[in-house]
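Because the structure is a prediction, the values reported are computed rather than measured.
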Amino acid sequence: MKVKFNIDNQLPEEHAEFWLKKMTDKFSQLGKELSGEQDMVWCNTDDEIVPVKFESIYLIQVENEQTVIYDKSQNYRYKGRLYQIKNVLPHDFLAASRSAIINYRKSIIWRLWIVAILMLL
């Protein structure tokens, strides 16, 4: 595939246009990332870089100065800082502390805590 970038300082708005034979998952994801409709984040496992969908994340926390992302079955390392990933997360995520962010839709502990608070009211 040929890729061409045209730089124009007078351009009123940046845009991208693709001419494809067919839409693939890679191009679909690229379009989402470029348009700000991101639904995943790139992370590291021991031997590869993998996309982790926001909907599968349970917890994001800092451990030994590294940002670690947990889903149901494994954990991943995120190269950026906690505040950087917080800026791209959807509204399903809440800061539990200065070093942890939880997905309240996935966290059973969070749900139980809310039920306990409501029962006290």
Side-chain angles (χ1 to χ4, degrees):
M1 172 189 292
K2 294 181 182 181
V3 177
K4 181 181 177 182
F5 291 94
N6 297 303
I7 310 299
D8 181 356
N9 293 334
Q10 306 301 316
L11 194 65
E13 181 181 59
E14 293 180 321
H15 66 277
E17 187 172 308
F18 298 94
W19 295 80
L20 308 169
K21 289 184 179 181
K22 72 175 193 169
M23 178 58 77
T24 64
D25 289 340
K26 286 184 180 183
F27 286 119
S28 177
Q29 187 60 44
L30 176 62
K32 288 178 182 179
E33 288 183 38
L34 289 174
S35 65
E37 299 173 13
Q38 190 173 351
D39 66 346
M40 61 87 187
V41 64
W42 290 99
C43 297
N44 297 314
T45 62
D46 290 331
D47 56 352
E48 63 183 343
I49 297 173
V50 296
V52 179
K53 290 204 170 277
F54 293 145
E55 64 191 34
S56 70
I57 296 173
Y58 280 71
L59 170 69
I60 305 167
Q61 69 180 6
V62 177
E63 298 174 4
N64 299 320
E65 298 183 12
Q66 286 193 339
T67 305
V68 182
I69 296 176
Y70 293 88
D71 69 10
K72 189 174 185 176
S73 60
Q74 71 183 89
N75 60 26
Y76 310 89
R77 288 179 316 284
Y78 176 70
K79 289 287 187 183
R81 297 204 161 282
L82 191 65
Y83 77 88
Q84 292 171 316
I85 193 168
K86 183 179 179 183
N87 290 336
V88 298
L89 291 171
H91 297 291
D92 299 343
F93 290 84
L94 301 171
S97 70
R98 288 179 29 187
S99 62
I101 298 171
I102 61 168
N103 181 342
Y104 78 86
R105 294 193 187 276
K106 296 285 185 178
S107 176
I108 187 86
I109 295 169
W110 178 256
R111 289 184 196 164
L112 292 173
W113 185 76
I114 290 173
V115 169
I117 294 293
L118 292 174
M119 289 175 65
L120 292 173
L121 295 176

Margin query: Applying salt bridge (Lys or Arg N to Asp or Glu O under 4.0 Å) as the test, list every pair that has at least one member in residues 57-66; sequence neighbours left out.
Written below: none
Checklist line | Residue pairs passing the salt bridge (Lys or Arg N to Asp or Glu O under 4.0 Å) test where at least one lies in residues 7-24, sequence neighbours excluded | finding: none
Item checked: Separation between CD1 of Ile69 and CD1 of Ile60, rounded to the nearest 0.5 Å ->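 Reported to 0.5 Å precision, the distance equals 5.0 Å.
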Notebook entry, point to check: How many angstroms lie between atom CD1 of Ile101 and atom CG of Asp92, to the nearest 0.5 angstrom?
Noted result: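 Reported value, rounded in 0.5 Å steps: 12.5 Å.
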Checklist line | Other ILVMFWY residues reachable from Leu11 by side-chain steps of under 4.5 Å | finding: none
Check: Are more than 12 heavy atoms from other residues, nucleotides or ligands located less than 6.0 Å from atom CG of Asn64?
Finding: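 Result for CG/Asn64: open.
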Flag yes if [X] and [Y] sit in one hydrophobic cluster, no otherwise; membership is Ile, Leu, Val, Met, Phe, Trp, Tyr, and two members link when side-chain heavy atoms are under 4.5 Å apart.
X     : Y     : result
Ile57 : Val50 : yes
Val52 : Tyr70 : no
Leu59 : Val88 : no

Name each donor-acceptor pair under 3.5 Å that joins a side chain in residues 76-87 to protein atoms two or more places apart or in another chain, with its distance.
residue	atom	partner	partner atom	Å
Tyr76	OH	Asp71	OD2	2.9
Arg77	NH2	Thr45	O	3.1
Gln84	OE1	Arg81	N	2.6
Asn87	ND2	Tyr83	O	3.2

Checklist line | Heavy-atom pair with the smallest gap, counting every atom of Tyr104 and His91 | finding: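 Shortest heavy-atom separation between Tyr104 and His91 comes out as CE2-O, 3.6 Å.
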Next item on the list: Work out which heavy atom in Phe54 is nearest to a heavy atom in Phe93; give both atom names and the distance.
Entry: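 Answer, listing the atom of Phe54 first, then Phe93: O-CZ, 3.4 Å.
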Checklist line | Partner set under side chain to side chain donor-acceptor pair (under 3.5 Å) for Asn44, not counting sequence neighbours | finding: none
Notebook entry, point to check: Looking at side-chain heavy atoms only, is the closest gap between Tyr58 and Asn103 below 4.5 Å?
Noted result: no
